[in-house]
Each structure stands twice: as structure tokens, then as C-alpha cells.
Student: 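Here's a structure for you.
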Protein chains: 2
Amino acid sequence: MSGVRAQQKEKTRHALIQAALKHLCAENSFSSLSLREVAREAGIAPTSFYRHFQNMDELGLTLVDEGGLALRQLLRQSRQRIANGGSIIEVSVHTFMDYITRNKNIFRLMLQEQAGTTQELRLAIAREIAHFTNELRDFLIVERKTDERIAKAQSDAIVRIVFSAGADALDLTGDDLRKLTDQTILQVRMIARGALSLHNTN
Amino acid sequence: MSGVRAQQKEKTRHALIQAALKHLCAENSFSSLSLREVAREAGIAPTSFYRHFQNMDELGLTLVDEGGLALRQLLRQSRQRIANGGSIIEVSVHTFMDYITRNKNIFRLMLQEQAGTTQELRLAIAREIAHFTNELRDFLIVERKTDERIAKAQSDAIVRIVFSAGADALDLTGDDLRKLTDQTILQVRMIARGALSLHNTN
DNA sequence: CATTTCAGCTAACAAGTGTACGCTGAATTT
DNA sequence: AAATTCAGCGTACACTTGTTAGCTGAAATG
């Protein structure tokens, strides 16, 4: 029942995932990563790859799903920090930037394949982002009593800006990163204020 | 002096550019486009490609530059329409969406390679976007007397949102496209109002 | 008219790719 | 203890890729 065999299989599956992630950087996109490369890095024969994934796209899908999961967990932490008092905007943006700088490769994958070649991957990424947007929208409606149409546009705008800034954050460190983060916070504040203003006048 | 020869060369150079553009769609990214494919489509031998570009990256750079040029020209038109009266926000967003739907492939290229593998291309695209942002920022400072820091954040936010929405617009038509455009206008309004609000209180 | 230039060609290469096929041996099941 | 399963392997095949080297013939130059 312990499953020595299944355990070993899970292990090399993980090795494949790690191998793929390792090769993702500014110079190597996921779509330019070959099955053979991944297999080599993971220490198995190319043909053994098929024991774990039907093709590279399926591996990519797995990466996106795992990345999305990590993101959502972080968001939950973020919401807790807000519940304990603290600016929702500041905390959220900082949380997001932290996530990105600590999971650069997964985020890069999402950025690259968001406009990439494989429809399935594109959809998966769109789904992850929608997840993000919807949670924020619901928060705005329930906690902030925001009008639905406004809340939808507002959450969508915020997510777009934060993701876009996140893309730029990948190549920054230190003071530049701090500046970008501050500007992003300012921008999200703009949206929040603007939404409130439109809310009250319409 | 007429240059029958130079004329012919320019012609096949154009054919190469068109061939590359033709193959850009949701299913074929620029980075997955091979030199041989482009040459085949343009009707020349693979090796003749080198008579025009040193490598594929140089072709990509050319595409980005040409796309950026078209975009800037459109922006100028847009600004004229504003001078003749009309909401700057509405006109600008509509102009942008028009550009995208009419130049889908160039815009796709920019989206795909914005987070792509070739540094030179990435930088070129970043430059084009910065161009966009800077012109808007200057407009805000000069015409709208906006504080510089606010103007910078505001223009940056607007460009981020419009580009991001543009990416989604690529796959939409008819009513969906109209809805997205309307929402984008609303979002830009939010930012404008929020910027004004922050401007007056700080 | 003689010479030079040069866009485009063919042939060829080494390297890398995805994937089909069938084998092996250890883990698992019966 | 015998039978089955199956993760991983090696071999092999048919392609595609970028790039080199050298030729050709028409256009440009003097």
C-alpha cells in the first residue's frame, strides 16, 4: 500500500516540473523549451517523458495550475493581514510583488504564454487571472458596498495594472523595484478614488 | 539612378516582412517562426534571406519599428480629433481599439515578444510603449496642468490598462468588443478622476 | 564595351527535434 | 511462487532548423 513504485513515479514527475521551471528565465521561454531538454535535465530518457505527460503542453498546464494555486494561497494570507487592520491596497500590492519576485519563473511563464501559441495554456492563464479579478470584485461588492458595474471595472483595472507592473518588476531590484511598487500603489489608489467618485455622482 | 535593382530588392524585402506578418496569429508566434518558413512564404531561397536581414531578430525589430510608427501616426490623428473638441478619453481609447483590430498581427507580435526571449526585441517594444506613455504624460502636464508625479503615474496606469485590454480585444468582435471598450473607457475615467482627487488633496 | 557588383540560387552539413517500437527488470498483484 | 504491470531505457526514423560555400546572370559602373 505504501507504493514504493508510485512514490518513485511522483518523484520523477516532480523532477520534470522542476527541470522545466529551472529553464524558464528571460532567455528561455516555455514554448522554446523542448521535451528532450526537460527530460535531460530531469535525468530520464526522452521517451520516458510520456510516462508522465502526454506532451509539453500538458506540463505547461500543470505549471500554470500549480502557480495559480500558490498565488491564491498568498491572496488568502493577504486578506487575513487586511482583516487584522492595514491598508488593503498597500498590503495587496506588496503581497503580489513579493510573490512575483519569489516565483519569477512561474510568473514569467504566465506572462509569456498569456499571449502564446497554445490555446489551452492561454485559457488556463486567463482563468487564473479571472480568479484574481473575481475575488477582488466580490470583496468590493460585499465589504465596500460598491455598485456591481463599478466594482467589476475597478477590480479588472486593478488586476490589469498590478499584473502589468509585475511584468516590469521581474527585471528590477532594490530601489527601482521599490519605486515601481510605490507608483503601483498610487495608481491603485487613483482607481479606488475614481471609482468612489463615479459611484457617488452617477 | 532609378535603380531597377534596388527597387527589386526593396520589393522582396517587403515580401519578407509581409510573409512574417502573415504567419503571425494566435497559433503562430514570431519566436516560433523559422527563417525558412518566412523565406518559403516570400518565395525566395532560405539563404537569400541573409541578403536582407542578419537574422530573424532583425526582422522582428523591423516589424516592431514599423508597427510603432503606425501607432504614433494614429495617435497624432487622435490628438487632432481632440483639438477639434471631443472627449480625450473616449476618442483615444476608440482610436487605440481601432488600431488593434486593424493591425492585429503587429500588436500580437508586441504582446508576445514583450515578455519574450530576445532582449533586443523586448527593449524595442518597451521603448514603443514608453513613447506612448511619455506623450500622454506630457499632454497631462502641459494641457491639464497636472503635477508631474501624478501625471507620470496616471499616464503609466492608462497605458497599462489600455494595452492589457487591447490584448483581450484581439479575440473579440461585435458586442463583446464594444463592451470591453466601454469598460476600458470607464476605467480610464476612474483613473482621471482619481488623479484629480489625489491632486487636489495632496 | 569591359568590369564589377550583388540578389538569388543550389547543394550540403551538423545539430536538434518529436515520437514509434519493443525490451527489461523490479514492484505489485493474484 | 507465478503472473502481471509499468517506469524507464536504447534504437531508430523522418523532419526541420540555421548557416557555409560557391556559382550565376543581370544590373550598375567606368
Side-chain angles (χ1 to χ4, degrees), chain A residues 1-20 22-25 27-63 109 112-113 116-121, chain B residues 1-20 22-25 27-63 109 112-113 116-121:
Chain A
M1 273 292 171
S2 77
V4 175
R5 204 176 193 169
Q7 217 169 313
Q8 177 56 34
K9 181 168 184 181
E10 184 52 42
K11 207 171 158 185
T12 74
R13 186 189 138 101
H14 196 72
L16 283 170
I17 291 175
Q18 289 305 315
K22 186 178 171 186
H23 273 58
L24 290 182
C25 61
E27 288 75 35
N28 295 87
S29 72
F30 177 78
S31 44
S32 76
L33 182 62
S34 75
L35 183 153
R36 289 176 108 106
E37 253 178 299
V38 180
R40 205 180 309 135
E41 176 74 32
I44 63 170
T47 48
S48 301
F49 178 94
Y50 296 105
R51 301 289 183 200
H52 302 273
F53 303 98
Q54 216 162 19
N55 47 46
M56 283 294 289
D57 288 349
E58 204 175 294
L59 210 196
L61 221 63
T62 305
L63 290 178
L109 168 64
Q112 287 167 346
E113 301 306 317
T117 261
T118 316
Q119 194 189 22
E120 215 176 351
L121 263 183
Chain B
M1 271 290 171
S2 78
V4 175
R5 204 173 193 172
Q7 217 170 313
Q8 177 56 34
K9 182 170 183 181
E10 183 54 42
K11 206 170 159 186
T12 72
R13 187 189 137 101
H14 196 72
L16 284 169
I17 291 175
Q18 289 304 315
K22 186 178 171 186
H23 274 57
L24 289 182
C25 61
E27 287 75 33
N28 294 88
S29 73
F30 178 77
S31 45
S32 77
L33 181 63
S34 75
L35 181 152
R36 287 177 109 105
E37 253 177 299
V38 180
R40 205 179 309 135
E41 176 73 33
I44 63 170
T47 49
S48 301
F49 178 94
Y50 295 105
R51 300 290 183 198
H52 302 271
F53 303 99
Q54 216 162 21
N55 47 47
M56 282 294 289
D57 288 349
E58 206 176 291
L59 210 195
L61 222 62
T62 304
L63 290 179
L109 169 63
Q112 287 167 346
E113 301 306 318
T117 260
T118 315
Q119 195 190 19
E120 216 177 349
L121 263 183

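Each chain gets a letter, A, B and so on, in the order the sequences are listed, and its residues count up from 1. As the structure is a prediction and not an experimental result, all values here were calculated from the model.
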Student: Report the nucleotide, chosen from C:dC9, D:dT17, C:dG18, that has the shortest atom-to-atom distance to any side-chain atom of B:Ala45.
Tutor: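 The listed nucleotide nearest to B:Ala45's side chain is C:dC9.
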Student: B:Arg51 has a side chain; which of C:dC9, C:dT19, D:dT17 sits nearest to it?
Tutor: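 Within the option list, the nearest is C:dC9.
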Student: Crowded around B:Glu120 CD? As in, over 12 foreign heavy atoms under 6.0 Å?
Tutor: no
Student: In this structure, how many angstroms lie between the P atom of D:dA28 and the CD atom of B:Gln8, rounded?
Tutor: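 The distance from CD of B:Gln8 to P of D:dA28 comes to 11 Å, rounded to the nearest Å.
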Student: Just how far, in rounded Å, is C1' of D:dG8 from CZ of A:Phe49?
Tutor: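 Those two atoms, CZ and C1', are 14 Å apart.
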Student: Using whole Å, report how far CD of A:Glu10 lies from P of C:dA27.
Tutor: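 Rounded to the whole Å, the gap is 18 Å.
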Student: Measure the shortest side-chain to side-chain distance between A:Val38 and A:Met56 over non-hydrogen atoms and say whether it is less than 4.5 angstrom.
Tutor: yes
Student: Under 4.0 Å between a side-chain N/O of A:Arg40 and OP1 or OP2 of C:dT17, yes or no?
Tutor: yes
Student: Given C:dG8, C:dA27, D:dT19, which nucleotide is nearest the side-chain atoms of A:Arg5?
Tutor: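 For the A:Arg5 side chain, the nearest candidate turns out to be C:dA27.
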Student: Closest to the A:Thr47 side chain: C:dT19, C:dA11, D:dG8?
Tutor: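 Per side-chain heavy atoms of A:Thr47, the pick is C:dT19.
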Student: Looking at the side chain of B:Leu35, which of C:dG18, C:dC9, D:dT19 is the nearest nucleotide?
Tutor: D:dT19
Student: Mind checking side-chain hydrogen bond (donor to acceptor under 3.5 Å, both in side chains) for B:Ser31 and listing every partner two or more places apart, or none if nothing turns up?
Tutor: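 So B:Ser31 forms a side-chain hydrogen bond (donor to acceptor under 3.5 Å, both in side chains) with B:Ser29, B:Glu113.
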Student: Could you give the CD-to-C1' distance, from A:Glu37 to C:dG18, as a whole number of Å?
Tutor: 13 Å
Student: Give a yes/no answer on whether the side chain of B:Ser48 brings an N or O atom under 4.0 Å of OP1 or OP2 in C:dC9.
Tutor: yes
Student: Within less than 4.0 Å of OP1 or OP2 of C:dA7, is there a side-chain N or O belonging to B:Thr12?
Tutor: no
Student: Measure CZ/A:Arg36 against P/D:dG10 and give the value in whole Å, please.
Tutor: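 That distance rounds to 12 Å.
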Student: Ignoring hydrogens and geometry, is there a side-chain-to-backbone donor-acceptor pair from A:Thr12 to A:Ala15 under 3.5 Å?
Tutor: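 Absent.
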Student: What is the distance from CD of B:Glu58 to C1' of D:dT19, rounded to the nearest Å?
Tutor: 16 Å
Student: Hey, is CD on A:Gln119 packed in by over 12 heavy atoms from elsewhere, all under 6.0 Å?
Tutor: no
Student: Let's see if you can work this out: which of D:dG8, C:dT10, D:dA7 has an atom nearest to the side-chain heavy atoms of A:Lys9?
Tutor: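 Closest nucleotide to the A:Lys9 side chain: D:dA7.
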Student: To the nearest Å, give me how far apart CZ (A:Arg13) and C1' (D:dG8) are.
Tutor: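 Value for this atom pair: 17 Å.
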Student: Distance check needed: D:dC6 P versus A:His52 NE2, whole Å only.
Tutor: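 Atom NE2 in A:His52 sits about 13 Å away from atom P in D:dC6.
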